[in-house]
Amino acid sequence: MNITEPFAIGNSGIHLLDPRPRVVIAVLFSTITAVLQQFPPLFLAFALALFLVFRARLNPVIVGKRLTILGLFLTMIWLLVPLTFEGELVTRFWKLNIYLPGIVYSAKITIKSVTILLIFMSLVATMPITTLGHTLHRLRLPEKLVFLLLITYRYLFVIGEEYVRLRTAMKIRGFKSGTNLHSFKTTAYLIGMLFVRASVRAERVNQAMRLRGFNGHFYSLEDFAAYRSSGWFLTFALSLLILILVLEWLL
Amino acid sequence: MAALTTDSAKTDPLIRITDLTFIYPGSVKPVLRQLNLDFHQGERVGIMAPNGSGKTTLFYLLMGLLKPDSGTIEIFGKPVRSEKEFENIRKRIGMLFQDSDDQLFSPTVLEDVAFGPLNLGKKPAEAKLIARDTLNQLGLEGFENRVTHKLSGGEKRLVSLATVLAMEPEVLLLDEPSNGLDEETKTRLITHLSDLDLSYMIISHDHDFLYELAQSNYTMKNGQLEPMERMHIHYHSHPHTSHRH
Ligand SMILES: Nc1ncnc2c1ncn2[C@@H]1O[C@H](COP(=O)(O)OP(=O)(O)O)[C@@H](O)[C@H]1O
Ligand SMILES: [Mg+2]
């Protein structure tokens, strides 16, 4: 199990911005992108996302790797949708009909999903997960959800390690996974054991927290005043978003 | 150290346990059976007993994480029973868990160490300052932004100690603190603990460790604490000087 935050630390203009407007703009921007139907505003949104990635000075190799994962999903879309989304026929390929609406639709999905991924990479992945947690808390997300996010992040690794340990214990006693009853049963035990351990662990963590005075409230160390003023960023981002919406309506 | 012990005999004990009995729900055999203990200001006590004899259970009862079936616990001169009473006790007694992964739950070191002070009502800036000071005191400069789950076992243990010390407790309960540490980290831990101006109880299986840090030692038999005659003196390899007189 490997969860890393390759973009979290940096000193680009975007890293130094107040996290709150970054999260708000990211949510707004990606929602708008998701509902756009026209190509010109879509291209404008894509260009804006690229510009943000550029400003955040993200490592292009890692950005590329993240996009590759999305690429697999998009390949499936391109293979299936042009064949099944019936409408004006573009061409026949062997016995397969390829339809124009399918191609248009696939292209839109591609631009939208790449754009949204770039937005989140540049605006949200550029803060450590803890900062994100505290930011969401400041933005009035319920305390419990924020806590869940942070605790999940912390213990995913521990549970991952426990999984590896249990797997190893099974392997050194000659267990090989296959499609038979013994295999299914053993795997069910493994998963069950993982749940048992996770809940025992949760109980102990809760005790450790109470011993240090935890009473259900969530205090943050994050000092939002220390970030750079975000006035220009908000003005710039909001005016472009309005332009995108205007384009969408006019066309 | 010796002076403290003689003085303490005259004062009321910090912790007095009387006839404490505890049975885990669903079990028939008591883990603790009419256990008694007086623990005084300035005392440094070691507890060494086989696995499963109830050492951790005793600490949990002292911190109010488990409720006794019978018997009384008096801390700082007053009996403690309700959750409210234990909440106040927890501000003055710190406990180090056997497994550091239970103790460190924040993503970063600084946040974890500052967690206690923030809960005690300190302002973020103040909590940060306390956290940094505590880390520096334990030789953990530059650890603030380290991610807790990526620390080594020894580092996790020292950071766990920092999270407890940041609450400025008067008493420490340490559950197998030297477990799984290499010699060097263990020596560091011994140095830091012996430099602290605190009363503490240490659960440990490690003779050298208790020899360095405890003035008196107990073992557990049949759910009761029994004083050990004197630690068997194993040869020990640390260059560290002993506090024995
Ligand atoms: N949550 C629990 N439920 C039932 N029995 C438990 C629980 N925790 C510990 N025990 C039992 O209580 C006994 C004492 O445990 P513990 O205090 O952890 O021992 P020690 O710390 O001395 O190794 C053991 O026999 C253990 O199996
Ligand atoms: Mg134990």
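Every heavy atom of this structure was used, including side-chain atoms; hydrogens, water molecules and symmetry mates were not. Proteins come first, then strands; the chains are lettered A, B, ... in the order of their sequence lines, and each starts at number 1.
- In this structure, the portions of B:T163 lying under 4.5 Å from any heavy atom of chain A include both its backbone and its side chain.
- Contacts between B:I89 and chain A at a heavy-atom distance below 4.5 Å are absent for every atom of the residue.
- The contact between B:D99 and chain A is made entirely by side chain atoms (from C-beta outward), counting heavy-atom distances below 4.5 Å.
- Within the 4.5 angstrom heavy-atom criterion, no atom of B:N88 approaches chain A.
- For chain A, the nearby part of B:E83 is the side chain; its heavy atoms alone come within less than 4.5 Å.
- Checking B:N51 against B:H205 by side-chain atom types alone, a donor-acceptor pair falls below 3.5 Å.
- For B:K128, the parts lying under 4.5 angstrom from a heavy atom of chain A are both the backbone and the side chain.
- Remark: A:R201 CZ is packed, more than 12 non-hydrogen atoms of other residues, nucleotides or ligands lying under 6.0 Å away.
- Residues A:F184 and A:Y189 place their aromatic rings such that the two centres sit no closer than 6.0 Å.
- Just one residue in the list B:K91, B:R90, B:K84 forms a side-chain hydrogen bond (donor to acceptor under 3.5 Å, both in side chains) with B:E87, and that residue is B:K84.
- Cation-pi geometry between B:R92 and B:F76 is met: under 6.0 angstrom from the ring centre, within 45 degrees of the axis.
- When the shell of 6.0 Å around CG of A:N215 is examined, it contains more than 12 heavy atoms from other residues, nucleotides or ligands.
- Interface remark: B:L118 contributes backbone and side-chain atoms alike to the contact with chain A (heavy atom separation under 4.5 Å).
- Between chain A and the residues B:M63, B:E111, B:Q103, the largest count of heavy-atom pairs under 4.5 Å involves B:E111.
- No part of B:F86 comes within reach of chain A, as not one of its non-hydrogen atoms sits under 4.5 angstrom from that chain.
- Ring pair A:Y155/B:F105: centre-to-centre distance not below 6.0 Å.
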